[in-house]
There are 2 protein chains.
Amino acid sequence: MPGSAPTFRPLYSQIKSLIMEGLAGGAWAPGAPIPSEAELARRYKVSQGTVRKAVEELAQEHHLVRRQGRGTFVATHAEERTQFRFLRLCRDDDQPETYPETRLLEWRRARAAGEAARLLNLKPGEGLVVVRRLLVFDGEPAVVDEISLPASIFRRLDAELLNRYRGSLYKLFETEFGTRMIRAEERIRAAAADGATASALGMRRGDPVLRVDRVAFTYADRPVEFRRGMYRTDRRHYRNQLV
Amino acid sequence: MPGSAPTFRPLYSQIKSLIMEGLAGGAWAPGAPIPSEAELARRYKVSQGTVRKAVEELAQEHHLVRRQGRGTFVATHAEERTQFRFLRLCRDDDQPETYPETRLLEWRRARAAGEAARLLNLKPGEGLVVVRRLLVFDGEPAVVDEISLPASIFRRLDAELLNRYRGSLYKLFETEFGTRMIRAEERIRAAAADGATASALGMRRGDPVLRVDRVAFTYADRPVEFRRGMYRTDRRHYRNQLV
DNA sequence: TAGTGGTCTAGACCACCGT
DNA sequence: CGGTGGTCTAGACCACTAA
């Protein structure tokens, strides 16, 4: 029977979608507990084992965090443990890295065009907020980021807010804009540093730098950030696990 | 009670270790089926659900592959599906990538020293086999690899064997040397191409290239390969998923 | 001590595969 | 059709946390 539909969807997978809808719709805030497994089982009229399988997969995908004896919580970028999930730059010696200091280089409004428009699913001409910043690790400048965000969500993001905030941008996006980053895709290339990049990073124009283009997605796989990072890699490296 | 041992180890986790020992010891060959869940449950005197949890985790870690209706199989690098698990270079346009052609540039014996010795846990002076090769994608040279391997395992690896073989090196290591790569760590930097690299890749000396240093591990987290890859990234990029 | 997630079991039934 | 993994249930008990 060619073309016959897959026609079967496991119960736990449907429960998973229901919980995801709750997360995307803000039924429970980041960091807050969701109902217990027993309560969810009653609510959805399935066994606790079925809820468990749904919750387990959501925890594996970093949407939820389980804590034995306490409950299950909505994942949040405010935890120390996840600070380096999206920042893969490491010292060459294996000393523990401290969270970098941020220096705002530029803030402006712009119109979507070209690559940023395409990757963010915006029509040319739609509003953008663009941020350029420098990341300084242990006194060493290491990354220049240019971050493009749809104004439809991030209009309120201005230099004052950026300067006031400590810690990761994704924490700010989550608490101030109700937009939680779920996953990201990065494309990494080698490039020659241009004048602005070189001077910000304390290098010479033309020195090799890593160019990391990132698209970050929120719920429903919606792209909401395009970021181009230029990484200085003479004392640090981009680490990756192949599993 | 400071220093008290963790003292509790779930049953499924112990079963997992037993199966891992079987895999590491070659009880079942790559690609071959392991016993059914029911059989394993009888053998280890636990319920099928407990075996299931152990096998599920091993499948998630790519040690096993489950196929509904058929059985559970030892993972192997010989499958098309896993060919690009360790090779993250992609075309900039999103055309599907075909498996690259390999050209052997150099083969030699050497003595472990410096970085390779340290990363492979070898004493200075122990034997190495070193391979340099070029990877050509769709007629475009894109990667120069220098691969260092402990002679204690790979002594038999020579130019004749390398030239005869088609497909991924890890497939060859698995079938010819009984050494299956489980995971790898990569450290990525930007560098200026040296003369040899530039000419192999069709670039100019000093052009920016990606330098990818990889240590690959087999069972028991034993490092058995150090590989330095120089990647040309003007038409391709290194892709990464942040999840 | 009450409540949460974590483990383990036993059994029923379903989906899928090869023959 | 028989055998495999996949789903779902119900229930018992364990480990951990907070009050």
Side-chain angles (χ1 to χ4, degrees), chain A residues 1-19 22-23 28 31-76 79 81, chain B residues 1-19 22-23 28 31-76 79 81:
Chain A
M1 202 196 296
S4 69
T7 208
F8 173 67
R9 175 99 186 279
L11 239 191
Y12 76 85
S13 170
Q14 302 175 40
I15 303 298
K16 208 176 143 183
S17 297
L18 289 173
I19 299 175
L23 293 171
W28 312 290
I34 69 168
S36 74
E37 293 181 355
E39 166 60 21
L40 289 173
R42 277 191 297 274
R43 188 178 299 185
Y44 297 129
K45 298 189 195 311
V46 297
S47 79
Q48 183 172 342
T50 300
V51 169
R52 171 177 297 273
K53 174 132 183 169
V55 170
E56 248 162 22
E57 289 199 357
L58 290 168
Q60 275 178 345
E61 296 162 12
H62 299 108
H63 299 299
L64 298 174
V65 177
R66 320 195 71 174
R67 287 199 258 262
Q68 188 177 28
R70 299 183 53 196
T72 301
F73 301 78
V74 182
T76 166
E79 304 156 27
R81 301 162 39 264
Chain B
M1 203 194 297
S4 69
T7 211
F8 174 67
R9 174 102 187 276
L11 239 192
Y12 75 86
S13 170
Q14 302 176 40
I15 303 298
K16 208 177 142 184
S17 296
L18 289 173
I19 298 175
L23 292 171
W28 312 289
I34 69 168
S36 73
E37 293 181 355
E39 166 60 20
L40 288 173
R42 276 191 298 275
R43 188 177 301 185
Y44 297 129
K45 297 192 195 311
V46 298
S47 78
Q48 183 172 342
T50 300
V51 169
R52 171 176 297 276
K53 175 132 184 170
V55 170
E56 248 162 21
E57 289 198 356
L58 290 168
Q60 276 178 345
E61 295 163 13
H62 300 108
H63 299 299
L64 298 173
V65 177
R66 319 195 71 173
R67 288 199 256 263
Q68 188 176 26
R70 299 183 54 198
T72 301
F73 300 78
V74 181
T76 165
E79 304 156 27
R81 302 160 40 262

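By convention in this document, chain letters (A, B, ...) are assigned in the order of the sequence lines, proteins followed by strands, and residues within each chain are numbered from 1.
For B:E57, the side chain to side chain donor-acceptor pair (under 3.5 Å) partners at least two apart in sequence or on another chain are B:K16. Legend: residues meeting side-chain contact (heavy atoms from CB on, under 4.5 Å) with A:S13, ordered by chain and number and at least two apart, are A:R9, A:P10. Scanning for salt bridge (Lys or Arg N to Asp or Glu O under 4.0 Å) contacts around A:R43 gives A:E39, with sequence neighbours left out. With sequence neighbours excluded, the residues forming a side chain to side chain donor-acceptor pair (under 3.5 Å) with B:T50 are B:S47, listed by chain and number. For B:Q68, the side chain to side chain donor-acceptor pair (under 3.5 Å) criterion is met by no residue, not counting sequence neighbours. Not counting sequence neighbours, the partners of B:K53 by the salt bridge (Lys or Arg N to Asp or Glu O under 4.0 Å) test are A:E56.
Under 4.0 angstrom from either OP1 or OP2 of D:dC8 there lies no side-chain N or O belonging to A:S47. Distances shorter than 4.0 Å separate none of the side-chain N or O atoms of A:R66 from OP1 or OP2 on C:dT4.
Here D:dA10 presents its P atom at 14 Å from CZ of A:R42, a figure rounded to the nearest Å. With rounding to whole Å, A:K16 atom NZ is found 13 Å from D:dC8 atom P. Look at CZ on A:R67: it is 12 Å from C1' on D:dT17, rounded to the nearest Å. To the nearest angstrom, P of D:dG6 lies 18 Å from CD of A:Q14. Note: CD (A:Q48) to P (C:dG3) measures 14 Å, nearest angstrom. In this structure, the CD1 atom of B:I15 is 11 Å from the C1' atom of C:dC8, given to the nearest Å. Spacing between atom CZ of B:R9 and atom P of D:dA15 amounts to 15 Å, rounded to whole angstrom units. At whole-Å resolution of the value, CZ in A:F8 and P in C:dA15 are 6 Å apart.
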Inset, instruction - Under the side-chain contact (heavy atoms from CB on, under 4.5 Å) rule, what do B:F73 and B:I34 come out as? Steps first, then yes or no, please. - result: CA-CA 6 Å; B:F73 300 78; B:I34 69 168; over 6 Å; no
Inset, instruction - Carefully, step by step, assess A:V46 and A:Q14 under the rule side-chain contact (heavy atoms from CB on, under 4.5 Å). - result: CA-CA 11 Å; A:V46 297; A:Q14 302 175 40; over 6 Å; no
Inset, instruction - Please report the C-alpha distance between B:R67 and B:T72 in whole Å, then the side-chain angles of each, then the deciding distance to 0.1 Å, and finally whether the side-chain contact (heavy atoms from CB on, under 4.5 Å) criterion is met. - result: CA-CA 6 Å; B:R67 288 199 256 263; B:T72 301; over 6 Å; no
Inset, instruction - Decide yes or no on side-chain contact (heavy atoms from CB on, under 4.5 Å) for B:Q48 and B:R42, but give the supporting numbers first. - result: CA-CA 8 Å; B:Q48 183 172 342; B:R42 276 191 298 275; over 6 Å; no
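One distance of note links OH of A:Y12 with CG of A:L58; it measures 11.0 Å at 0.5 Å rounding. Between the CD1 atom of B:I15 and the CG atom of B:L40 there is a distance of 8.5 Å, given to the nearest 0.5 Å.
Listed here is the closest heavy atom pair of A:L64 and A:V74: CD2-CA, 4.1 Å. In terms of heavy atoms, A:L23 sits closest to A:H63 at CD1-CB, 4.0 Å.
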Any protein N or O atoms within reach of nucleotides 17-19 of chain C? Criterion: under 3.5 Å, listing atom names and distances.
none

Distances under 3.5 Å only, N/O to N/O: pair up the protein atoms with those of nucleotides 11-13 of chain D.
none

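Scanning residues 31-38 of chain B for heavy-atom distances under 4.0 Å to DNA chain D yields B:S36, B:E37. The stretch residues 50-59 of chain B comes close to DNA chain C through B:T50, B:K53, each having a heavy atom under 4.0 Å from the strand.
Here the side chains of B:T76 and B:V65 are not in contact, with every heavy-atom distance at 4.5 Å or above. Within the 4.5 Å cutoff, side-chain heavy atoms of A:Y44 are placed close to those of A:L18.
With the end axes of the helix from C:dT1-D:dA18 to C:dG18-D:dC1 each set by five pairs, the angle from one to the other reads 10° at 10° resolution.
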